[in-house]
*Asks:* 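Have a look at this one.
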Amino acid sequence: MTQTPKKNTLEQMFAELVINIEAPLEGTFHYHVPSDLRPKLRVGHLVEVEFGRRLAQGIILRFDDTAPIEETKPIIALIDEKPVVFWWQIELAEWLSQNYLAPLNACLRLMLPPGLTRWADVTVDINPYWDGNGRLTPLQQQIISILRERGDLRGRQLQRALRKTSDGSKKKIDWKTAVNQLTKRQILRKATVLDPPRIRPKQIRTAELIASEARVKAVVPKLGRANKQADVLLYLLNSDDPLPEETAVLEATGAKETHLKQLEQDGRINRTPAQTTILPTGKEPPPELTDWFTQLPSPQANLTIHNSSFTIHYLETEGFIQRLHEPATLSLAIPPKQLLGHILDLRRATTYHHILTLLARAAQPVSLTEIYAQTKATINHLRKLAKLDLIRFGSEEVWRDPLADRDFVPAEAPMLTTDQARVWGRIKVAILTAEEVMEQGEEEFAVAAPKPILLHGVTGSGKTEIYMRAIANALDEGQQAIVLVPEIALTPQTVRRFAARFPGRVAVLHSRLTDGERYDTWRRARQGLFDIVVGPRSALFTPLPNLGVIVLDEEHDPSYKQTPPVPPPYYHTREAAIALSQIIGATVIMGSATPDIVTYHRAQSGRFQLLELQKRVMGHRQRLEGQAERLQLRNHYQHDGEDPDDALTIPLPPIQIVDLRQELRAGNRSIFSRALEKAITETLERGEQAILFLNRRGSATFVICRDCGYVATCPRCELPLTYHRRNMMLVCHHCGRREPHQTECPTCQSKRIRYFGLGTEEVAERVQQRWPEARITRWDRDTTAGRNTHETLLASFINQEADILVGTQMIAKGLDLPFVTLVGVISADVSLGLPDYRTGERAFQILAQVAGRAGRGLLGGRVIIQTYKPEHYAIQAAAEHDFASFYIDEIRFRTQHSLPPFRRMARLLLIDPIDERGKREAEALAKGLRLHIREKALAASEILGPVPPFFNRVDGRFRWQIIVRSPDPNRLLADFPIPPKWMVDIDPVSTL
């Protein structure tokens with residue numbers, strides 16, 4: 001029965017929402033807007049609504065005059081005063097949903113930071129009107145007891161409490177059913193609530209000086225522990241009498257003789273003991289004592305009368321002398337300016353003085369963390385000062401910025417080479433032309449984006465400088481930019497380059513940041529507090545208010561594609577970036593030395609603008625000469641120009657192909673060919689660096705019994721386990737399962753267990769055995785699991801703390817390593833035998849990219865590729881740095897087999913723990929799809945499979961796939977009911 005849309009009235013308006021919950025939701029939902037919220041709500045706002053019987057978050061997509069249903073629920077509250085998404089993010093999410101057949105709420109969640117989404121929970125308490133009667137099950141009685149003891153609880157709190165009071169077993173406790181039963185009997189009351197946000201703005205505690213300078217000066221000497229010696233010094237400092245009597249000081253301070261002795265011993269005071277001084281009265285002395293009277297006045301203790309007829313008493317009685325009694329006195333032995341330090345030292349109060357000095361200099365609140373770091377204070381020191389009303393505590397919100405403590409040396413833009421100037425000129429014309437069209441648009445939001453630009457430039461040709469010019473132009477126009485890199489490993493070097501050119505305007509965003517850092521980066525972007533964000537594919541969804549340029553560096557890389565089994569959408573960053581540019585009128589620049597075949601074909605056909613940089617740029621002569629002098633190196637390359645600003649262009653490094661079959665015939669069974677071994681030795685002797693590349697981790701690819709043929713496989717994935725010698729473990733590189741290494745065959749108990757194949761760990765060990773003096777660094781996913789390990793490894797290698805870098809494809813992507821003069825590819829055949837149509841393209845791209853790491857410095861370089869298939873067209877083209885010839889061969893192959901770019905593909909993947917059940921469901925779906933093709937008369941579409949993929953069992957679950965090959969897979973699949981268990985990957989980058 002079709003419901004009549006509900007019309008708007010003067011009292012009512014409607015909002016169309018996407019519900020932000022984990023469950024995939026295809027559509028949107030209408031709620032009516034209460035009158036008190038109408039002035040506040042805008043498109044993109046995050047609101048609280050009732051969805052079903054629980055609370056949930058919703059994001060407002062648009063406002064409508066009508067609702068498609070008769071009864072609508074009201075929006076309950078506004079969660080965030082600022083919209084959490086911009087209008088263009090909503091349009092991009094809708095595009096992603098339509099093009100990748102993904103739930104709209106999942107697509108929109110890409111735009112939100114971690115921790116913002118809140119899930120519904122329940123609160124449970126005992127009904128105060130319950131009389132306490134009624135029969136209860138043991139679980140119900142347990143719930144009542146917990147609630148009586150702890151009061152009302154959230155559902156998750158109740159669940160944890162029940163687990164603590166249970167017998168410790170992992171059996172699931174069905175508390176929800178018990179609570180629902182008690183609620184129906186009105187014994188309990190239950191309500192739904194939203195969880196508090198998992199991530200919140202970071203607040204730091206601060207301290208601030210509030211006392212006057214005079215008060216601080218008066219209080220500081222009295223801080224710290226009680227100390228009589230310090231009291232004496234303070235008395236002497238404040239005394240008007242420069243020589244106060246000892247008794248007065250002792251009486252005033254409560255000190256004792258021992259305290260004065262210690263002060264005198266430490267050189268802090270001078271003590272003048274009590275004494276009697278003899279003074280002449282002026283009366284004519286007896287002639288016999290004339291010489292004696294010349295000594296007066298003098299202390300009595302120093303005087304001796306040798307004439308026995310006279311005594312001191314007699315002379316005093318006769319009025320010849322008088323005695324003056326002087327008490328013991330004290331005086332300072334150190335300058336008054338230094339006295340405060342001694343007092344604080346005695347009281348152990350130096351830290352208090354440091355705190356107050358720091359706060360006085362800052363003249364503003366200072367974080368407690370900074371106070372602790374600079375003064376070695378503790379919270380007790382600060383509490384004491386606060387108690388004396390010298391300081392006060394506070395708090396303030398701070399950004400969690402991963403670049404906050406990084407210093408980048410500003411760098412000026414170099415002069416462009418002739419090639420770069422030509423390319424930049426064409427890009428600038430394209431941008432200006434699009435701006436003119438946009439200005440002439442009649443619609444309010446008329447936009448015109450330049451045609452997407454493919455910048456095909458050989459490694460080292462200066463593509464990054466073109467990116468920077470485009471970004472600088474956007475910044476001058478008040479716009480912002482996103483720079484995308486395929487791997488987190490490239491992020492540190494890219495950030496360093498852009499932060500040096502645009503200091504203070506760059507942020508970084510990737511999955512290895514903490515949730516708090518990502519949340520704050522999202523908030524800073526929303527407020528327009530930076531202009532450039534650098535990161536992998538998720539950085540595309542950064543909410544920059546005025547985005548003008550999107551850069552995709554290494555656009556060919558498959559890492560730009562989100563692939564199963566992670567949650568959808570399975571988008572390609574390149575396609576999403578182009579779609580976004582069309583929505584907002586931004587410029588997209590895709591750069592690569594080895595473009596994706598589909599991208600290059602689009603450029604050749606005119607859909608993209610193709611710009612090429614065919615010359616490798618070494619640098620400008622003046623800079624190179626300065627670098628050579630600083631590093632005491634001889635420039636391998638010659639510069640013919642006289643202009644110091646002339647850029648030196650250099651050839652790509654020569655590549656030598658070594659046929660490993662010939663090496664075996666010559667009796668060489670080492671993993672190093674004779675040519676590679678000689679080259680490594682020469683490189684080390686010259687004090688230069690080398691890279692050895694192998695696209696496989698571990699020590700051995702598989703473990704086999706030579707007697708019965710047993711191969712150690714993962715019981716969950718049925719794939720060979722890889723041996724890692726460092727941990728002496730067998731590891732599955734698909735599900736992560738670990739097993740101890742085997743010394744005998746579990747099938748036939750033979751001791752002839754052997755480890756075959758090769759991985760980076762084994763290569764590194766063999767390099768160390770052959771060249772024991774060499775410093776080795778290994779770079780693969782096993783050695784870069786930590787947060788900053790990529791940057792640490794890269795920095796140490798650039799700083800020449802290692803001689804040889806052994807790594808996987810992570811080292812092949814865009815790294816600039818100026819001291820590398822040799823690149824050796826241990827085996828170019830790792831992926832050529834895999835059953836995927838892109839293996840040739842992958843091999844060419846990897847070889848060309850890793851070869852590009854050589855010869856980027858003053859010392860020149862060379863490349864040696866070892867292979868068992870030297871005749872393969874991908875290897876031959878890579879050795880000649882000839883993308884054009886590779887493209888011709890590859891496009892011919894794809895034409896013959898109707899592969900992309902001539903037809904598009906979709907991959908339908910099912911993962912099931914029961915193989916036979918998965919097979920039945922896959923066959924039923926494939927049958928339904930073929931029938932659907934016939935009904936819609938889609939003659940150019942075909943269904944391949946179902947078949948198990950190459951990796952047919954992962955983590956104990958079986959995989960079945962169906963491949964759709966069609967000019968437009970969306971047209972075939974959009975209206976076909978695909979069961980929820982299936983993952984739909986449009987334009988997959990791999991079918992393995």
*Asks:* Would the distance check show the side chain of H45 and the main-chain N or O of E81 forming a donor-acceptor pair, the cut-off being under 3.5 Å?
*Replies:*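 Indeed, once roles are kept as given, a pair shorter than 3.5 Å links the two residues.
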*Asks:* On the six-membered ring of F530, is R524 placed so that its NZ or CZ lies under 6.0 angstrom from the centre and within 45° of the ring axis?
*Replies:*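 The answer is no; the distance or angle limit is not met.
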*Asks:* Does the separation of the ring centres of F14 and Y31 fall below 6.0 angstrom?
*Replies:*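 Not under 6.0 Å, so no.
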*Asks:* For E487, is there an ion pair with R537 - N to carboxylate O distance below 4.0 angstrom?
*Replies:* no
*Asks:* Should K561 and D985 count as an ion pair when the cut-off is N to O under 4.0 Å?
*Replies:*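 Here K561 pairs with D985 in a salt bridge, since their nearest N and O are under 4.0 Å apart.
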*Asks:* Do R109 side-chain atoms and I21 backbone N/O form a donor-acceptor pair below 3.5 Å?
*Replies:* yes
*Asks:* Take atom CZ of R62 as the centre, draw a 6.0 Å sphere, and report whether it contains more than 12 heavy atoms from other residues, nucleotides or ligands.
*Replies:*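 Check passes, neighbour count above 12.
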*Asks:* Find the distance between CG (L17) and CG (L108) and round it off to the nearest 0.5 Å.
*Replies:* 10.5 Å
*Asks:* Are the side chains of L509 and E517 in touch, meaning some heavy atoms are under 4.5 Å apart?
*Replies:*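 No; the side chains remain at least 4.5 Å from each other.
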*Asks:* Between H456 and A593 (side chain of the first, backbone of the second, donor and acceptor by atom type, cut-off under 3.5 Å), is there such a pair?
*Replies:* yes
*Asks:* In terms of the angle between their ring planes, are Y100 and W95 parallel, tilted or perpendicular, with boundaries placed at 30° and 60°?
*Replies:*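 Y100 vs W95 ring planes: perpendicular.
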*Asks:* Please report the C-alpha distance between T28 and E16 in whole Å, then the side-chain angles of each, then the deciding distance to 0.1 Å, and finally whether the side chain to side chain donor-acceptor pair (under 3.5 Å) criterion is met.
*Replies:* CA-CA 6 Å; T28 58; E16 185 179 355; 2.5 Å; yes
*Asks:* Would E50 and R54 pass as an ion pair if we require N to O under 4.0 Å?
*Replies:*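 Between R54 and E50 there is no salt bridge, as every charged N stays at least 4.0 Å from the carboxylate O atoms.
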*Asks:* Over all heavy atoms of both residues, which pair between T206 and S395 is shortest? Give the atoms and the distance, please.
*Replies:*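 Minimum heavy-atom contact is OG1-N, 3.6 Å.
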*Asks:* Identify whether the distance between the nearest side-chain nitrogen and carboxylate oxygen of D80 and R526 falls below 4.0 Å.
*Replies:*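 Yes, charged N to carboxylate O under 4.0 Å.
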*Asks:* Between F541 and F86 (judged by ring centroids, cut-off 6.0 Å), do the two rings come close enough to count as a pair?
*Replies:*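 No - the distance between ring centres of F541 and F86 does not fall below the 6.0 Å cut-off.
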